[in-house]
Participant: 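One structure coming up, written as structure tokens, with questions to follow.
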Amino acid sequence: MVESNFYTLLEVERTADDKAIKASYRRLAMECHPDRHGGCTDKEARFKAISEAYDCLKDPQKRAAYDRFGHAAFQNGGAGAGGFGGAAAGFEGFSDIFSSIFGEFTDPRAQRANAARGADLRYDLELGLEEAFAGVEKTLTIEALAKCEPCAGRGSKGHAQAATCQTCGGAGKVRAQQGFFVVERGCPTCQGSGAVVADPCMACGGEGRALKQRKISVNVPAGVDDGTRIRVGGEGEAGMRNAASGDLYLFVHMKRHAYFTREGTTLVAECPISFTTAALGGTIEVPGVDGARIEIRIPAGIQSGETLRQRGAGMSVLNARGRGDLVTRILVETPTKMSKEQRAILEQFRSTETGDECPASRSFFGRVKEYFGS
């Protein structure tokens, strides 16, 4: 039997993307569907062929195997496209899918491995803004179950291997009948590991792990924020009798900064300036999170609450290049202490006011006069 090329069956080029393949399949499936042709055997055969082709090409892994090996990739037990190869082949395909999704719950070995695996740990890490900006290496002190040193994690005094648990037969679980229901729970003898130690280590009681304080170094990347979670693989609790260790999860908490507040990658600083600087303009200097001095030009006539943005002077971007912005929020400060000379100068200025100097104030009080009808 001559096997047709999947790309030819679907009438697409070998370089076609997923969208084009899907669109062509839908069109051809509508044209060749057996229900539209009164049970025509030729149309039914073509419909099955294009369905088999699409089932292969829609899956990136199957498509890569087909591109490299052709139909041979799915013969003799290969990772096939499923197709219409009979009930047995179809059932095996379904079994593989079911196993890949639910294998952890149906495979006794996976259940025992999960039962013996060490627990994950949580560590709340407090960082300053400058540390979060630049990234930092932290040394953490953790007290948790670690591999037992006297028995090297085996759980036994000598070199004898653990024996199969007689209570559960190595399954790690036992069942009990309760009325009409069967309840399954972890084996109380082996704690779900499926094995017991005949001559347990005195230091760890046969678990192969004991409580220990240890120090670990972790690298915190630049750009982390409050609530960022960092996973450190294999640094959690040790597993029973050399089983896999759990993971360590760092939860970042940011300290309050003296003058910056943070909004994602944007830093906001409230900067008070004198009313003369606001009226006449000028320049001010603010510190950057990287320690640099940033000069900001104040335009004449700026109002309290207005903001000035400095591009690329904010926080680092997590797992990427570049930086956010620095936003300076201007607060115009009214003087509370003045000399006689300063007061006289201001009085002279007030005597020359026409209202055009402060258009917002003039407009507001103009509306107030209209409201009262004066």
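We number each residue from 1, following the sequence as shown.
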Participant: With Lys255, which residues qualify under salt bridge (charged side-chain N to carboxylate O under 4.0 Å, His left out), at least two apart?
Facilitator: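 By the salt bridge (charged side-chain N to carboxylate O under 4.0 Å, His left out) rule, Lys255 matches no residue at all.
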Participant: Which residues pass the side-chain hydrogen bond (donor to acceptor under 3.5 Å, both in side chains) test with Ser363, sequence neighbours left out?
Facilitator: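 For Ser363 the side-chain hydrogen bond (donor to acceptor under 3.5 Å, both in side chains) partners, ignoring immediate neighbours, are Arg367.
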Participant: Do Pro60 and Asp18 have side chains that get closer than 4.5 Å, going by heavy atoms?
Facilitator: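 Sidechains of Asp18 and Pro60: no contact.
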Participant: Which distance, rounded to the nearest 0.5 Å, do you find between the CG of Leu9 and the CD of Glu52?
Facilitator: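 It is 8.5 Å, given to the nearest 0.5 Å.
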Participant: Grab the two heavy atoms, one from Ala144 and one from Leu121, that are nearest each other, plus how far apart they are.
Facilitator: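 Smallest heavy-atom distance, with atoms named: CB-CD1, 3.6 Å.
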Participant: In this structure, which one of Val327, Ile302, Val286, Ile284 forms a side-chain contact (heavy atoms from CB on, under 4.5 Å) with Leu308?
Facilitator: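 Per the side-chain contact (heavy atoms from CB on, under 4.5 Å) rule, the option paired with Leu308 is Ile302, out of Val327, Ile302, Val286, Ile284.
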Participant: CG/Leu127 to CE/Met254 distance, rounded to the nearest 0.5 angstrom?
Facilitator: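 It comes to 6.0 Å.
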Participant: For Asn219, give me all partners under side-chain hydrogen bond (donor to acceptor under 3.5 Å, both in side chains), at least two apart in sequence or on another chain.
Facilitator: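 Here no residue qualifies.
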Participant: Taking the side chain as every heavy atom from C-beta outward, state whether Leu140 and Leu250 have any atom pair closer than 4.5 Å.
Facilitator: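 They are in contact (side-chain heavy atoms under 4.5 Å apart), so the answer is yes.
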Participant: Is the closest side-chain heavy-atom distance between Gln213 and Thr141 below 4.5 Å?
Facilitator: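 In short, these two side chains touch, coming nearer than 4.5 Å.
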Participant: Looking at CZ of Arg256 and CZ of Arg262, how far apart are the two atoms once the value is rounded to the nearest 0.5 Å?
Facilitator: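 Between atom CZ of Arg256 and atom CZ of Arg262 there are 15.0 Å.
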Participant: To the nearest 0.5 Å, what is the distance between CD on Glu235 and CZ on Arg214?
Facilitator: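 Between atom CD of Glu235 and atom CZ of Arg214 there are 5.0 Å.
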Participant: Do you know the tightest heavy-atom contact between Glu130 and Val289?
Facilitator: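 Glu130 and Val289 have their closest heavy atoms at CG-O, 3.8 Å.
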Participant: Classify the angle between the aromatic ring planes of Tyr7 and Tyr66 as parallel (below 30°), tilted (30 to 60°) or perpendicular (above 60°).
Facilitator: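 Answer is tilted, since the angle falls between 30° and 60°.
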Participant: Indicate the atoms forming the closest heavy-atom contact of Thr328 with Cys271, along with that distance.
Facilitator: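 Minimum heavy-atom contact is CG2-CB, 3.6 Å.
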